[in-house]
Amino acid sequence: MVKKKKLTLGIKLIIGFFILNLIMFVFGQGGAVVDYDYVARLGLQEARETVDPIIVVINRGIGLADVLIGVPLFVLAIIGIWRLRYYGAVFSWMVLGISFYWTAVAWAKQAFYIQASVKCEPFNAGVHGVLAFVFVFSIWASWYLFKNRKLFN
């Protein structure tokens, strides 16, 4: 009799993280492409009045790329690791790479905007906290999936 593998708590946490990211990518990033001002009113983007106009254009471009690339990868990662397939681990490493990369980009953009006196919304402590959580969780999840790679077939 073949013993069926169960999802570990770590895998469940990673799936939850991916689902939350998928929702944020669709509504926050995809919404910025469709109706930037509505998404900004929800607090998912900077309000147009508080930033230089070029930042809105940059955010919309990043949003389009996130929807075109990130959303399908998150979907494949969720399905794959839910089913404990190796392709799920591979897609998970891809989206985790995106996750800790975009947090570093957010911090770097903010620093350069401020340095260049570009009108921007400085990050508050809550934003820094979310960015730090995403960065650290992504690194942990990448390590966790590697450590438990034998779960995936």
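Sequence positions, counted from 1, serve as the residue numbers for this chain.
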Test item: Val118 and Ile55 side chains (from C-beta on) under 4.5 Å apart, heavy atoms = yes
Is it possible for you to say whether Val33 and Ile54 belong to one hydrophobic cluster, with membership spreading through side-chain heavy-atom contacts below 4.5 Å?
-> no
Taking Asn124 for its side chain and Val127 for its backbone only, find out whether a donor-acceptor pair lies under 3.5 Å.
-> yes
Taking every non-hydrogen atom, the tightest pair across Cys120 and Val51 = CA-CG1, 3.9 Å
State, to 0.1 Å, how close Ile11 and Ile81 come at their nearest heavy-atom pair, and which atoms those are.
-> CG2-O, 4.0 Å
Got Phe123 and Trp107 here, is their nearest side-chain heavy-atom distance under 4.5 Å?
-> yes
Spacing of Leu76 atom CG and Ile78 atom CD1 [to the nearest 0.5 Å] = 9.5 Å
Are the side chains of Val71 and Asp66 in touch, meaning some heavy atoms are under 4.5 Å apart?
-> no
Heavy atoms only: give me the nearest Ser138-Phe100 pair and the separation to one decimal.
-> CB-CD2, 3.8 Å
Considering all heavy atoms, the nearest Ala77-Val95 contact | CB-CG2, 4.1 Å
With a 4.5 Å heavy-atom cut-off, do Tyr144 and Ser92 have their side chains touching?
-> no
What heavy-atom pair brings Arg48 and Asp37 nearest, and what distance separates the two atoms?
-> NE-OD1, 2.9 Å
Approximate separation, where rounding is to 0.5 Å, of Asp35 CG and Arg41 CZ = 6.5 Å
Exercise: identify the closest heavy-atom pair between Phe74 and Ser99 | CZ-OG, 4.1 Å
To the nearest 0.5 Å, what is the distance between CG (Leu7) and NZ (Lys12)?
-> 6.0 Å
Side-chain donor-acceptor pair under 3.5 Å between Gln29 and Gln45, yes or no?
-> yes
Donor-acceptor contact present, side-chain Lys119 to main-chain Pro53, <3.5 Å | no
Side-chain heavy-atom pair Leu42, Phe27 within 4.5 angstrom cut-off = no
How about Phe17 and Val134: do any of their side-chain heavy atoms sit closer than 4.5 Å?
-> yes
Arg60 side chain to Ala32 backbone, donor-acceptor under 3.5 Å = yes
Proximity of Trp143 and Phe146 rings by center, below 6.0 Å | no
Polar contact flag, side-chain donor to acceptor under 3.5 angstrom, Tyr86-Asn153 = no
Main-chain N/O of Ile15 paired with Trp82 side-chain donor or acceptor, under 3.5 Å | no
